[in-house]
Each structure stands twice: as C-alpha cells, then as structure tokens.
*Asks:* 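Structure below; questions to follow.
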Amino acid sequence: MNNFKNLRGTVDLLPEQLVKWQNVEKILVEQLSRASIKEIRTPILEMTELFIRGIGEGTDVVAKEMYTFLDRGERSCTLRPEGTASVARALIQSGISSKPPQKLWYMGPMFRYERPQAGRQRQFHQLGVEFIGYQSVRSDIEIITLAWDILAKLGIKELNLEINTLGDIDDRSNFQKSFLNWLEINKNFLDLDSQKRINKNPLRILDSKNVQTREILKEAPKLLDFLSEKSLERYSTLKKQLAMLKIPFVQNYNLVRGLDYYTHTAFEITSGSLGSQATVCGGGRYDGLIEQMGGPKIPAIGFAIGLERLILLAGQELEISRKTDIYIINQGLQAEPLALELSRKLRRYDLLVELDLTGASFSKQFKKANKLKSKSIIIVGDDEANKKEFVIKLFDKVNSESKEETISIKNESILEKWIQNNLL
RNA sequence: GCGGGCGUCGCCAAGUGGUUAAGGCAGCGGCUUGUGGCGCCGCUAUUCGGGGGUUCGAAUCCCCUCGCUCGCCCCA
C-alpha cells in the first residue's frame, strides 16, 4: 500500500477533529486565566537523568515507558513522559527561591512507550497545573476544585473523585519500614508483579489489581495508622471543606499514584464511560520533589488532565465549527483579481470569508457554497468587473428566497451597512 | 511484554473455492462555462494488508508476517 504511515501510537488530528480540540482548548485556557494561572512552556526534550530523578527509578514510567535515545553529542535525551519534572527544573534553573509562589499551567504532547488501546497513545496530550510554593491545605482544595470545575465547564457528567493522603515524608518512611517488614513475611502470598516491586516501589503494591494480593493486603499495616496528628488533621480539613463545597468524593486508601514524589493529598478523577483507561485527571502534592531535584525546599501541588480522554468525554456541541460568512464565487480574468481584493477587504470585518479558487463553472461554485452552508455569497464575474460592482446575496434556509443586492465596488459604506444588517 | 477480535476503493460495506470483485457515501466530470440546496448520467480496486503454500482455479482453505483494535499490566 502506501509507503509511509504514522508511527504506532501516534495520531494525525485532521481539521474535522481539530474543531473539537480547539473549542475545548479555548475553554480550558479561559478557565485557567480566570483563576489567574499563568502558562509555562518547557522543552519536549530533556536530559534523561531529569526524569529518572524526578519521577523515580522504580516507577513503570521510567523503567519501561520512556522514549530515550542518544543525540549526536552522545547525550542521553528523553521525550518527556509527563510535565511536572520539567516545570520544576525550569523554575529551579531560573532562580525559584527569589520568586513568590506561582500558579502555572502547561499543555502539550507527552510520550510513553506502551501498547496503545482505547484512551491511550504513545504520543498523547496533557493539560497540567502546578501550584508552586503553596503549603496550606487551601491550595489542595483550590487545585481539586479547579480540576473539578474545568471538567464541569466542559459539560462532563458522572465523574468520580477519589482522594487519599500519603502523609508527609516522615509518615511515609515510618509506614514503609513496617510495611516492608510485613511484605518480607508475606512475600510468597503476593502476585509476581508485586513481589518484584518490594524492593523497587513498595507503595505501589497497595494499588495492585490482583485479587489475591488485594485480599492479603487487608491484613497489612495501614498507612493511615502511621500518620502524624498534623497530617491527619490536614486530611480531615480537606475532606470537611470538600464536603462544604458540595464536591462529592470517595476515600480510596489504595490510591498511591504511580509516581514517587507524592506526599499528603493524592487524587484522581475517573469516568465510567472511558473504558478501561478511566482516569481523566490525576494529581497530588509533591512537597519533596523540588528539593530532591537539587532545588530549595519548596512545597507544591498539581494535577494533569489527559486531553484525549477529555475530548472523548466532552459533548458533541463542541464539535460545531464556525460557519462561513461569505463565499466568493468568481470567474474570469478581470473578476478574479477583484474577488481577491474583495476577500481581503471583507476579512477586515472579522468575517469568515472563503474565496473560491477552483475556476469551476458558476453552478459548481454555487453548489460548493451551499454545501458549506455559507451565510451569504458574493458573485463576481467579468460583467460585474467591467461595471465595477458585484452581487451579494443572503442565503435563506427557511424560505428559498434570498435577499440580493448589487453594490458598487467603490461604495464601501453600503457594503458595510449590508454586512451589519445581515451578518453581524 | 502477554492474551482476544479484525484487515475487500478515501469512508461504510457485499462476497465464504469457479468466467468481468455488488452496492452506498464522499470525490471528480457532464446534463447547465453565469446564478442555489434537488434530480439524472458517467468516471473512480487488473485486485482483496504483505509473503509463501494447497488447487486446473483463491478475496475465500493452510502457514508465516505486518498493521489496526480491544483487554491485561500501568497510567493521562
């Protein structure tokens, strides 16, 4: 068949699909800027080491999903599998300690080498939001409500919010000691994947989907029992306030999320209509990350929304594109340059103007204008060009009658009036 | 990395061993070089994802391979 195909797990977004993407993106950006969150753009390509350190060696993302290669200078580079590490890097690099707390967002492609399936691609897109330098539980609440409201603004129904707390770094390491102990004793009852994780990423075992493992885990030490007073109080404030804001949530003690750097709040928003890849938004607090990456000790919290999954959930009303305002039918040596000039003039009124370039017969051009459901048409042929005028017609879908007017090419005020009366 | 399903025109498809591989949509051309949504007519796959085999004969049967897709794992 054809010579070239896109790489597995990548997709082309054709104009028809992009209508919805652009509508969704517009709403997203609007919502974010209303919340006074500023955009940040970082490179898609980073040193491999950044992700190993930032995400964690034991994670699946780093262990088996990264697009890594050597560049011509023999440096190991990786296409970013997520956005947080890059943002943290950019902030540290630009002198974070001398800046006030920041609320940031980014949007763009991410890369993970996995088997594609519904709602999962190798190149996919995320919207990420990061609040850097905020410690209070109020920032957790704003982050969660923000994610929730964005999804609501897009008309997405039937979402489930799950939350959990992982405690601070001390809580976690106390728990981990005891949990590791228990794991060693009960090792043989665990599934193979979980056994492998004991040394690499023990917390992830909590999230195992294996039925037998889940059963045994009921006997394991609970993270909740290792939380300090302070951590517990923080968590209960979070829950109280979410309830006050009427945001429904479910506690999921097994929600630990895949990446190493989370502390305290972890959350996930899922939808039943997405199939097996149900998560549309995942996030949490990562107070240790910036320090772990060589920066100062600065707390932060964030989330990421998967845009492909978001598009899947967003309603059909977002698939509607802007209609053509004026379709310019033209043919003939004198007429064509005139039509071109006219199209430029009309676009200054912020109208969507399509100039027919086919040179096809007038009836064909009419059919094309019809098919596009253009609100109006302008006809310029050599007759008009000689008389220095053109015909403008309003398409009336209800009656088959149409309003028609002949306007001199020089008389811009009549044209302007016509546009104001009929198109604006 | 491991399972299941599927590959016939740009898209949706019929065809399940016998001469030229239906049909619909879209596209292009015409009826009608200059005035509308309709209609009618015509054109568009030497070939069925690719390779090999069985057979007088294969899109149809067998083997291999590639791709897509859904699921497992994991995540957005």
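Throughout, protein chains are lettered first and strands after them, A, B, ... in sequence-line order, and every chain is numbered starting at 1.
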*Asks:* Given side chain to side chain contact (heavy atoms under 4.5 Å, CB included), test A:Ile407 with A:Phe390 step by step and report yes or no.
*Replies:* CA-CA 6 Å; A:Ile407 298 175; A:Phe390 57 88; 4.1 Å; yes
*Asks:* Can you tell me the Watson-Crick or wobble partner of B:C74, both distances under 3.5 angstrom?
*Replies:*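 Partner of B:C74: none found under 3.5 Å.
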*Asks:* Please set out all donor-acceptor pairs under 3.5 angstrom arising from side-chain atoms of residues 145-153 of chain A, sequence neighbours excluded.
*Replies:*
from: A:Thr145; atom 1: OG1; to: A:Ile141; atom 2: O; distance (Å): 2.9
from: A:Thr145; atom 1: OG1; to: A:Glu142; atom 2: O; distance (Å): 3.0

*Asks:* Please determine if a side-chain N or O atom of A:Ser363 lies less than 4.0 Å away from the OP1 or OP2 oxygen of B:G36.
*Replies:*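 Checking B:G36 against A:Ser363, no side-chain N or O comes under 4.0 Å of OP1 or OP2.
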*Asks:* Base, sugar-phosphate alone, or nothing: which one does A:Glu65 contact when heavy atoms must sit under 4.0 Å apart?
*Replies:*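 Sugar-phosphate, backbone atoms only, no base.
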*Asks:* Please state whether the base of B:G1 and the side chain of A:Glu114 form at least one donor-acceptor pair under 3.5 Å?
*Replies:*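 No.
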*Asks:* Given B:G34, B:U35, B:G3, which nucleotide is nearest the side-chain atoms of A:Lys393?
*Replies:*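 Given the options B:G34, B:U35, B:G3, the side chain of A:Lys393 is closest to B:U35.
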*Asks:* Closest approach to the side chain of A:Phe362, judged atom by atom: which nucleotide of B:A26, B:G34, B:U69 is it?
*Replies:*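 Of the candidates, B:G34 comes closest.
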*Asks:* How is A:Gly381 classified with respect to the nucleic acid when contacts are heavy atoms under 4.0 Å: base, sugar-phosphate, or nothing?
*Replies:*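 Base, at least one base heavy atom under 4.0 Å.
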*Asks:* So what does A:Gly332 touch, heavy atoms closer than 4.0 Å: a base, only the sugar-phosphate, or nothing?
*Replies:*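 If one applies the 4.0 Å heavy-atom cut-off, A:Gly332 turns out to touch nothing in the nucleic acid.
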*Asks:* Taking atom OH of A:Tyr349 as the centre, report whether more than 12 heavy atoms of other residues, nucleotides or ligands fall under 6.0 Å from it.
*Replies:*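 Yes, OH of A:Tyr349 has more than 12 neighbouring heavy atoms, counting only those of other groups under 6.0 Å.
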*Asks:* Do the side-chain N or O atoms of A:Ser361 get closer than 4.0 angstrom to the phosphate oxygens (OP1, OP2) of B:G34?
*Replies:*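 The answer is yes; a side-chain N or O of A:Ser361 sits under 4.0 Å from OP1 or OP2.
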*Asks:* What is the distance from NZ of A:Lys367 to C1' of B:G27, rounded to the nearest Å?
*Replies:*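 Going from A:Lys367 (NZ) to B:G27 (C1'), I get 14 Å.
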*Asks:* Considering every strand and a 4.0 Å limit on heavy-atom distances, what is the contact class for A:Glu268: base, sugar-phosphate, or nothing?
*Replies:*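 It contacts nothing in the nucleic acid.
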*Asks:* Using whole Å, report how far CD of A:Gln117 lies from P of B:C70.
*Replies:*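 Result: 7 Å.
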*Asks:* Say you pick atom P in B:C64 and the same atom in B:C2; how far apart are they, in whole Å?
*Replies:*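 That atom pair is separated by 15 Å.
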*Asks:* If you compare every side-chain N and O of A:Gln277 against the phosphate oxygens of B:C75 (OP1, OP2), does one of them come in below 4.0 Å?
*Replies:*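 False: A:Gln277 side-chain N/O out of range (4.0 Å or more) of B:C75 OP1/OP2.
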*Asks:* Quiz question: going by heavy-atom distance under 3.5 Å, is there a donor-acceptor pair between the base of B:C75 and the side chain of A:Arg309?
*Replies:*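 Such a pair is found, so the answer is yes.
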*Asks:* With the side chain of A:Gln331 defined as its heavy atoms from C-beta on, choose the nearest nucleotide among B:C72, B:C74, B:U33.
*Replies:*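 Nearest to the side-chain atoms of A:Gln331, counting from C-beta on, is B:U33.
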*Asks:* Quick one: which of B:G36, B:C68, B:G34 gets closest to the side chain of A:Glu384?
*Replies:*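 The answer is B:G34.
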*Asks:* Name the closest nucleotide to the A:Thr279 side chain, picking from B:C70, B:C75, B:G27.
*Replies:*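 Of the candidates, B:C75 comes closest.
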*Asks:* Could you check whether A:Gln123 gets within reach of a base, just the sugar-phosphate, or nothing at all, counting any heavy atom under 4.0 Å?
*Replies:*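 Since no nucleic acid heavy atom lies under 4.0 Å of A:Gln123, the category is nothing.
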*Asks:* Residues two or more places apart in sequence or in another chain: which of them pass salt bridge (charged side-chain N to carboxylate O under 4.0 Å, His left out) with A:Arg309?
*Replies:*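 Expected list: none.
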*Asks:* Pair A:Asp140, A:Arg285 - check salt bridge (charged side-chain N to carboxylate O under 4.0 Å, His left out), show working.
*Replies:* CA-CA 8 Å; A:Asp140 300 42; A:Arg285 177 162 283 285; 2.8 Å; yes
*Asks:* Does a distance-only test, which skips hydrogens and angles, find a donor-acceptor pair under 3.5 Å between the side chain of A:Arg112 and the base of B:C74?
*Replies:*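 Under the 3.5 Å cut-off, the side chain and the base do not form any donor-acceptor pair.
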*Asks:* Among B:G29, B:G71, B:C68, which is the nearest nucleotide to the side chain of A:Lys364?
*Replies:*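 Closest of the options to the side chain of A:Lys364: B:G29.
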*Asks:* What's the gap between B:U8 and B:C61 when it is taken at their P atoms, as a whole Å value?
*Replies:*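 Straight-line distance between the two P atoms is 15 Å.
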